[in-house]
Protein chains: 2
Amino acid sequence: MLVRIDPGSDVPIFDQVAGSIRADMVAGHIRPGDKLAPARELAASLQVNLHTVLRAYQLLREEGLVDMRRGRGAVATPAAATLGELRSEIVELSRKARALGMPPDALAALVRDSLRLDAD
Amino acid sequence: MLVRIDPGSDVPIFDQVAGSIRADMVAGHIRPGDKLAPARELAASLQVNLHTVLRAYQLLREEGLVDMRRGRGAVATPAAATLGELRSEIVELSRKARALGMPPDALAALVRDSLRLDAD
DNA sequence: CAAGTGTTATAGTTTTTATAGAACAGTTGC
DNA sequence: GCAACTGTTCTATAAAAACTATAACACTTG
């Protein structure tokens with residue numbers, strides 16, 4: 001599990017960490033049953049505080065993507081696999097948006113709002 | 001131009017305003033050449049500070065979606081029309097994500113990261 | 001029982017967001 | 001020309017969110 005963050009980004013670190021892990025689930029690099037890196041260990045490797053990583057992990061848990069228990073660590077759930085079903089759509093959308101020169105944050109906000117609305 | 005915001009949301013107001021306007025561009029409700037509401041006027045109707053609305057407008061300008069000049073106001077650019085090309089993809093992705101019970105913020109982060117990466 | 005895990009609590013600093021008021025500088029239309 | 005309206009810039013403040021730091025706690029595994 002390789003997590004990358006950009007300290008200079010305006011996106012919160014905990015959000016970047018969660019996003020990086022979600023991307024690995026979509027790509028199939030993280031599959032159900034796989035253990036995530038221990039929070040303390042990941043925090044050290046990213047040179048970030050333990051709580052920042054834990055917040056990312058808890059965000060993923062709220063989304064049903066990981067199971068967490070003290071002593072056992074964080075483990076990817078079956079829901080992590082269903083994420084892969086979105087892969088082709090996301091790739092296609094990204095491709096078109098890139099061709100239009102659309103900034104990532106703008107497209108993300110667009111998708112977020114679309115999903116938030118009751119009907120499309 | 002109808003702008004809706006949710007004061008209780010965790011999404012910043014300026015981001016919601018920009019998002020609402022982008023959504024109108026995707027839907028074709030705002031077309032190139034259309035004038036956006038004057039910042040002071042929109043701020044008053046949303047009961048929000050002038051600077052908050054201006055920040056949203058300037059965000060859209062940085063994305064090339066609007067032209068702004070003092071005295072003349074904010075006007076949608078040709079880029080606002082190309083946004084509509086993304087409509088079907090966004091709708092389809094939202095539909096699938098909703099079926100998977102995916103939270104809007106999680107999907108948004110996924111799309112954002114996908115677009116940010118050099119290659120898919 | 002020891003080592004490793006997430007959990008909780010408290011505290012403090014930094015950054016971001018949002019507000020407020022004022023003055024400035026272009027544009028438009030009378 | 002000028003009055004009204006536009007975004008722009010500036011200073012200042014308050015509130016909220018993000019991040020760090022430290023410590024203690026509780027469950028799991030070997």
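So that the names make sense, note that chain A is the first sequence line, chain B the second, and so on, each numbered from 1.
- Comparing B/E41 and A/D15 against DNA chain D, the residue whose closest nucleotide sits nearer the 5' end is B/E41.
- The phosphate of C/dG4 (OP1 or OP2) has no side-chain N or O of A/R69 nearer than 4.0 angstrom.
- Checked by atom type and distance alone, the side chain of A/D34 pairs as donor or acceptor with a backbone atom of A/R31 at under 3.5 Å.
- Rounded to whole Å, atom C1' of C/dA22 lies 13 Å from atom CG of B/N49.
- Put simply, NE2 on A/H51 is 12 Å from P on D/dA23, counting in whole angstrom units.
- Residue A/I13 contributes atom CD1, which lies 11 Å from atom P of C/dT16 at whole-angstrom precision.
- Projected onto DNA chain C by closest heavy-atom contact, A/L36 and A/D10 fall at different nucleotides, the more 5' of which corresponds to A/L36.
- The phosphate of D/dA18 has neither OP1 nor OP2 within less than 4.0 Å of any side-chain N or O from A/T52.
- Contacts of A/L54 with the nucleic acid, taken as non-hydrogen atoms under 4.0 Å apart, include base atoms.
- Residue contacts for B/R40: at a heavy-atom cut-off of 4.0 Å it reaches a base atom on one of the strands shown.
- Residue order along DNA chain C, read from the 5' end via each residue's closest nucleotide, puts A/K35 first among B/F14 and A/K35.
- A salt bridge links A/R116 to B/D105: at least one charged side-chain nitrogen sits closer than 4.0 Å to a carboxylate oxygen.
- Separation of atoms CG (B/L110) and OG (A/S20) is listed at 11.0 Å; rounding is to 0.5 Å.
- Residue B/R72 places at least one side-chain N or O closer than 4.0 Å to OP1 or OP2 of C/dT28.
- Separating the CG atom of B/L50 from the P atom of C/dG21 is a distance of 12 Å, rounded to the nearest angstrom.
- Distances shorter than 4.0 Å separate some side-chain N or O of A/Q58 from OP1 or OP2 on C/dT7.
- Between D/dA24 and A/R70, no contact under 4.0 Å exists linking OP1 or OP2 to a side-chain N or O.
- Atom pair B/Q16:CD and C/dA18:P shows a separation of 8 Å (rounding to whole Å applied).
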